[in-house]
Chemist: 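The structure that follows is given in the form of structure tokens.
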Amino acid sequence: MTGIAERLPRLLSLVPYLLARPGVRIADAAADFGTTERQLRRDLELLWMCGLPGYGPGDLVDLSFAGDTVTVTEDAGMRRPVRLTTAEATALLVALRSLGDVPGIVDTAAVRRATAKIEKAVGDAGLAGVAVELSPEEQATTAAVRGALERGHALRITYYTAGRDAVSRRTIDPMRLLLVEGRGYLEAWCRRAEGVRMFRLDRVEDVEELAEPATPPPDAEPTDVSDGVFTARDDHRTAVLELQPEARWLAEYYPVEEVVEDPSGDGRATVSLRYADPGWLVRLVLGLGGGARIVEPPELGDAVADRAAAALAAADVPVSPERTT
């Protein structure tokens with residue numbers, strides 16, 4: 001019995017294959033798919049139970065056997081070409097362009113060929129304007145990291161940690177480049193932290209390739225990113241923020257768990273943001289200059305108001321009653 005990863009592509013290809021070859025010998029079909037006759041018969045038995053919702057006559061794939069041959073008598077709509085909706089095509093193009101713009105992670109030439117084919121197929125839908133751009137700084141960082149990985153060298157980086165609003169210099173042993181949720185990351189062993197860390201490429205302010213070899217410990221395990229890069233810890237708390245349109249970038253730059261659009265449709269949104277340091281969150285909101293308001297927890301909202309009032313008092317700026325409510 002073959003695994004699902006091998007079996008599923010064969011099942012998806014079987015109906016078009018059989019439609020093009022009515023009365024094909026099962027032995028010939030098995031040879032074409034590189035499997036055994038026994039396995040192919042199991043696939044055909046499974047196809048009999050596949051089809052469209054309703055699962056009545058005409059909804060399921062139906063096959064006719066004559067001796068050692070097989071013919072499709074009902075294809076359940078599988079002869080129709082697959083068509084992407086506008087939303088599906090847009091999402092696929094965004095993902096492909098993100099991959100194609102991050103060198104060293106995938107075969108970028110293959111990704112760009114696939115992108116061109118999809119653009120051509122959905123061109124009438126006006127999707128050619130979908131774009132994902134990397135800054136020149138991030139492109140240069142990615143190229144430097146890729147070179148160090150290829151040569152097996154360690155790196156010294158200057159890195160901005162958004163959660164602490166701090167910049168640090170670290171010596172790291174690169175392990176791999178990844179693309180997660182449309183963003184490029186470097187996974188590496190951090191010698192200062194003595195652990196595996198994920199570094200977002202657009203937050204690397206400076207990178208220097210060292211002459212010494214990269215030597216991550218043998219027990220350095222790759223990070224499981226199947227649920228995303230950001231993993232909540234027990235010491236993390238959650239704040240609810242209201243964002244004005246000019247502060248919507250926060251939801252893209254920091255890991256938020258939920259984004260709820262304002263019903264008015266004016267670009268405002270409410271987000272849930274995890275944080276470890278209350279002081280960092282207070283500084284973040286103050287720095288947005290009225291673009292964000294803390295809804296929960298209320299004590300942090302009060303802390304923002306107190307800090308703002310203190311700053312205005314120090315600057316000898318009168319505070320109107322309206323501004324303190």
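Side-chain atoms are counted along with the backbone in the values below, which use heavy atoms only and exclude waters and symmetry mates. Since this is a predicted model, take the numbers as computed values, not measurements.
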Chemist: Check Thr71 against Pro22 and note the closest heavy-atom contact, atom names and distance.
Modeler: OG1-C, 3.8 Å
Chemist: Check side chain to side chain donor-acceptor pair (under 3.5 Å) between Gln244 and all other residues, then give those that pass, not counting sequence neighbours.
Modeler: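 Gln244 satisfies side chain to side chain donor-acceptor pair (under 3.5 Å) with no residue once adjacent residues are dropped.
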Chemist: According to side chain to side chain contact (heavy atoms under 4.5 Å, CB included), who are the partners of Ala269, at least two apart in sequence or on a separate chain?
Modeler: Arg248, Val259, Glu261
Chemist: Just to verify, what does Ala30 make a side chain to side chain contact (heavy atoms under 4.5 Å, CB included) with, not counting sequence neighbours?
Modeler: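 Once residues adjacent in sequence are excluded, the partners of Ala30 under the side chain to side chain contact (heavy atoms under 4.5 Å, CB included) criterion are Thr35, Glu37, Leu40.
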Chemist: Mind listing the closest non-hydrogen atom pair of Ala29 and Tyr17 along with its distance?
Modeler: CA-OH, 3.4 Å
Chemist: Hey, does the side chain of Tyr185 reach the backbone of Arg176 with a donor-acceptor pair shorter than 3.5 angstrom?
Modeler: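 Here the side-chain-to-backbone pair does not exist.
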Chemist: Tell me, please, which residues at least two apart from Glu205 pass salt bridge (charged side-chain N to carboxylate O under 4.0 Å, His left out).
Modeler: none
Chemist: Which pairs with one or both residues in residues 285-302 pass side chain to side chain donor-acceptor pair (under 3.5 Å), sequence neighbours excluded?
Modeler: Glu242-Arg293
Chemist: Please say yes or no: joined through hydrophobic side-chain contacts below 4.5 Å, possibly via intermediate residues, are Phe33 and Val15 part of one cluster?
Modeler: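 Yes; Val15 is reachable from Phe33 via cluster members.
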Chemist: Looking only at non-hydrogen atoms, find the nearest pair between Thr238 and Pro297 and report the distance.
Modeler: O-CD, 4.1 Å
Chemist: With a 4.5 Å limit on heavy-atom distance, are the side chains of Leu186 and Thr141 in contact?
Modeler: no
Chemist: Check Val285 against Ala292 and note the closest heavy-atom contact, atom names and distance.
Modeler: CG1-O, 3.5 Å
Chemist: What residues form a salt bridge (charged side-chain N to carboxylate O under 4.0 Å, His left out) with Arg169, not counting sequence neighbours?
Modeler: none
Chemist: For residues 17-36, which residue pairs qualify under salt bridge (Lys or Arg N to Asp or Glu O under 4.0 Å), counting only residues two or more places apart or in two chains?
Modeler: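 Sorted pair list: Arg25-Asp28, Arg25-Asp68.
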Chemist: Which heavy atom of Met198 sits nearest to which heavy atom of Tyr159, and what is that distance?
Modeler: O-OH, 4.1 Å
Chemist: Can you tell me how far the CG atom of Leu63 sits from the CG atom of Leu44, to the nearest 0.5 Å?
Modeler: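 Separation between the atoms: 6.0 Å.
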Chemist: Residues two or more places apart in sequence or in another chain: which of them pass side chain to side chain contact (heavy atoms under 4.5 Å, CB included) with Pro218?
Modeler: none
Chemist: Indicate the atoms forming the closest heavy-atom contact of Pro245 with Arg268, along with that distance.
Modeler: CD-CG, 3.7 Å
Chemist: Distance-only criterion, 3.5 Å: show the donor-acceptor pairs between side-chain atoms of residues 207-217 and protein atoms not counting sequence neighbours.
Modeler:
from	atom 1	to	atom 2	distance (Å)
Glu208	OE1	Arg156	NH1	3.4
Glu209	OE1	Arg151	NH2	2.9
Glu209	OE2	Arg151	NE	2.9
Glu209	OE2	His153	ND1	2.7
Glu212	OE1	Arg191	NH1	2.8
Glu212	OE1	Arg191	NH2	3.0

Chemist: Are Ile294 and Val260 linked, directly or through intermediate hydrophobic residues, by side-chain heavy-atom contacts shorter than 4.5 Å (ILVMFWY only)?
Modeler: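 Cluster IDs for Val260 and Ile294 differ.
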Chemist: Using the side chain to side chain contact (heavy atoms under 4.5 Å, CB included) criterion, which residues pair with Leu149? Sequence neighbours excluded.
Modeler: Val145, Pro174, Leu177
Chemist: Are Ile26 and Leu14 joined in one hydrophobic group, where the rule is that I, L, V, M, F, W and Y side chains link up if heavy atoms are under 4.5 Å apart?
Modeler: yes
Chemist: I'd like to know if the side chain of Arg38 pairs up with that of Thr36 as donor and acceptor (distance under 3.5 Å, no hydrogens or angles considered).
Modeler: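 Their side chains do not contain a donor-acceptor pair, so the 3.5 Å distance test is not met.
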Chemist: Can you name the residues that form a salt bridge (charged side-chain N to carboxylate O under 4.0 Å, His left out) with Glu246, not counting sequence neighbours?
Modeler: none
Chemist: So which residues get pulled into Trp189's cluster when ILVMFWY side chains under 4.5 Å apart are joined, directly or through others?
Modeler: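 Members besides Trp189, by chain and number: Met175, Val196.
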